[in-house]
Amino acid sequence: MYLEPYLKCITSFYPSLEIHTIHWNHFGENNDILFLNNQWVFRFPKHDKALKSLQTECEQLTYVRPYITLPTPEPVFVNTDTNILGQAFFGYPLIPGEPLYAETLDGSPLPIQERIAQNLAQFLCELHAIPTKGAPGRTVTNETAYDYWVNLYEKVKQSLFSYIRLDKQQQISRHFETFLNERLNFEFTPSIIHGDFGISNILFDDEEKRISGIVDFGSSHVGDPAIDIAGLLKQYGLQFVDTLSEFYPNLEALLPRARFYAGTFGLQEALYGYQYKNQESLENGLKEYV
């Protein structure tokens, strides 16, 4: 899509919104993002899957925000009752901050790292404790999780193995099969999870030296809370997760599953690239396997 149709769509639904400045990020996999007046963030889905995700995300944010201390997106401008790409969107007040890059975390003094760990642990404790009954979006239970990961493994073999060298194919097979053969891996307590808990969705206030907000709940659903721990493990490493465990009770019990999930993230990105013909995502997801 082009910028002009997005702006026309916004002003047709919200004519009283005066637009003075525009910054446009159209490089995301799932959404085009408009920053208006340095005050509002508007997200427009780029494909049908992202559109359905956006519709659920609005409901999910409304459901979880009363339980969460950290700032999260508050949909103010909403048009999600449509299946037409370029017309579905929601807009929310800009949450200040920059992505929490690994370099930022690693370069921070230990007391600041502990504060960041405490901020993130509090968020996850609050999120994972929210009642799941009546929560919007999909649910992955103990009973359905096994089939989910079996199906993902099959997709990886069928779609990606032709790109991957033999020793890495064997490594991937061991990774999945060891996990799938242990039934204890499917005896978790389902919780509401963020589902994409990584660098770009964790905002850091460099002046205050603390987490300023959590964004992009498009992957949020009821599932295994170890998936959120896996996001931190993948991006920031085991040492930081160990620090987090001081503030998140019984985190150690989640680590075996978190290690497995973290080892699938690149393959999931590659699968996305394969399915949606996104060469950048395909190559980026496969870079450690070719």
Side-chain angles (χ1 to χ4, degrees), residues 29-30 49-50 52-53 56-57 60 124 127-128 132 135-198 201 216-238 241 248 250-276 278 281-282 284-290:
E29 293 179 350
N30 299 314
K49 184 178 179 181
K52 292 178 182 178
S53 175
T56 303
E57 181 178 4
Q60 190 78 295
L124 290 178
L127 183 68
H128 295 165
T132 58
R138 66 189 179 97
T139 297
V140 178
T141 65
N142 288 216
E143 291 74 23
T144 58
Y146 179 81
D147 290 339
Y148 174 86
W149 291 106
V150 167
N151 290 336
L152 183 71
Y153 180 32
E154 290 302 317
K155 289 178 182 177
V156 167
K157 289 191 292 185
Q158 293 171 11
S159 303
L160 301 180
F161 266 23
S162 60
Y163 300 93
I164 296 172
R165 68 178 197 255
L166 181 59
D167 64 313
K168 291 296 184 178
Q169 291 180 27
Q170 295 169 342
Q171 177 183 316
I172 292 167
S173 294
R174 286 194 300 271
H175 188 69
F176 274 91
E177 291 168 13
T178 300
F179 180 80
L180 292 169
N181 288 334
E182 178 52 75
R183 295 304 301 182
L184 289 176
N185 290 326
F186 306 97
E187 295 183 5
F188 58 86
T189 300
S191 303
I192 295 179
I193 65 174
H194 182 277
D196 189 14
F197 204 50
N201 298 329
D216 195 350
F217 283 68
S219 298
S220 181
H221 64 281
V222 176
D224 186 352
I227 290 175
D228 286 340
I229 304 302
L232 299 177
L233 184 64
K234 179 72 172 180
Q235 302 292 350
Y236 306 116
L238 182 58
V241 171
Y248 186 109
N250 300 316
L251 185 147
E252 293 83 358
L254 306 183
L255 274 179
R257 300 196 306 277
R259 289 190 180 96
F260 166 75
Y261 299 139
T264 70
F265 289 158
L267 296 169
Q268 292 187 57
E269 181 178 3
L271 269 178
Y272 170 90
Y274 179 87
Q275 293 168 346
Y276 291 95
N278 184 316
S281 295
L282 178 64
N284 192 53
L286 289 177
K287 62 185 178 184
E288 61 180 291
Y289 300 107
V290 297

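Under the salt bridge (charged side-chain N to carboxylate O under 4.0 Å, His left out) criterion, the residue pairs touching residues 256-270 are D224-R257, with sequence neighbours excluded.
Applying the ring-ring contact (aromatic ring centres under 6.0 Å, His included) rule to H194 yields the partners F197, F217; only residues at least two apart in sequence or on another chain are considered. For Y248, the ring-ring contact (aromatic ring centres under 6.0 Å, His included) test picks out H128, with sequence neighbours left out. Partners of D216 under the salt bridge (Lys or Arg N to Asp or Glu O under 4.0 Å) rule, at least two apart in sequence or in another chain, are R43. Under the ring-ring contact (aromatic ring centres under 6.0 Å, His included) criterion, Y153 pairs with F176, sequence neighbours left out. Among residues two or more places apart in sequence or in another chain, the side-chain contact (heavy atoms from CB on, under 4.5 Å) test is passed with R183 by Y146.
A 4.5 Å side-chain heavy-atom check between I193 and V222 finds every atom pair outside the cut-off. Considering only heavy atoms from C-beta on, L282 stays 4.5 Å or farther from N278 through its side chain. Annotation: side chain of T139 is not in contact with side chain of T132 (no heavy-atom distance under 4.5 Å). Taking 4.5 Å as the limit, every side-chain heavy atom of Y163 sits out of range of all side-chain heavy atoms of Y289. Looking at W149 and T264, their side chains come closer than 4.5 Å, going by heavy atoms from C-beta outward.
Note: Q169 CD to L160 CG = 10.0 Å, rounded to the nearest 0.5 Å. Rounding to the nearest 0.5 Å places CD of Q268 at 10.0 Å from NZ of K155. Atom CD1 of I227 is separated from atom OH of Y261 by 5.0 Å, given to the nearest 0.5 angstrom. Atom CG in N250 sits 11.5 Å away from atom CG in L255 (nearest 0.5 Å). For the atom pair CD1 of I229 and CG of L124, the computed distance is 5.0 Å after rounding to the nearest 0.5 Å. We find the CD-CG distance between E154 and D147 to be 11.5 Å, quoted to the nearest 0.5 Å.
With hydrogens and angles disregarded, no donor-acceptor distance shorter than 3.5 Å links the side chain of S159 to the backbone of V156. Using a distance-only test at 3.5 Å, with no hydrogens or angles considered, no donor-acceptor pair links the side chain of S191 to the main chain of P225. Counting only distance, with no hydrogens or angles, the side chain of T178 and the backbone of R174 share a donor-acceptor pair below 3.5 Å. Judged by distance alone, with hydrogens and angles left aside, the side-chain atoms of S53 form no donor-acceptor pair with the main-chain N or O of K49 at under 3.5 Å. Using modelled atom types, no side-chain atom of D196 and backbone atom of G218 make a donor-acceptor pair closer than 3.5 Å.
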Practice problem: Dump the intermediate steps for salt bridge (charged side-chain N to carboxylate O under 4.0 Å, His left out) on E288 and R165, then the final yes or no. | Solution: CA-CA 10 Å; E288 61 180 291; R165 68 178 197 255; over 6 Å; no
Exercise. Output, in order, the C-alpha distance, side-chain angles, deciding distance and verdict of side chain to side chain contact (heavy atoms under 4.5 Å, CB included) for F188 and N142.
Key: CA-CA 7 Å; F188 58 86; N142 288 216; 3.8 Å; yes
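Residues Q60 and T56 have side chains that never bring a donor and an acceptor to within less than 3.5 angstrom of each other.
Heavy atoms only, all atoms of each residue included: G195 and D228 are closest at N-OD1, 2.9 Å. When all heavy atoms of S220 and I192 are compared, the closest pair comes out as OG-CG2, 4.0 Å.
Between E177 and K157 there is no salt bridge, since none of the side-chain N atoms of the basic residue sits less than 4.0 Å from a carboxylate O of the acidic one.
Below 30°, between 30° and 60°, or above 60°: for F179 and F260 the angle between ring planes is below 30°, a parallel geometry.
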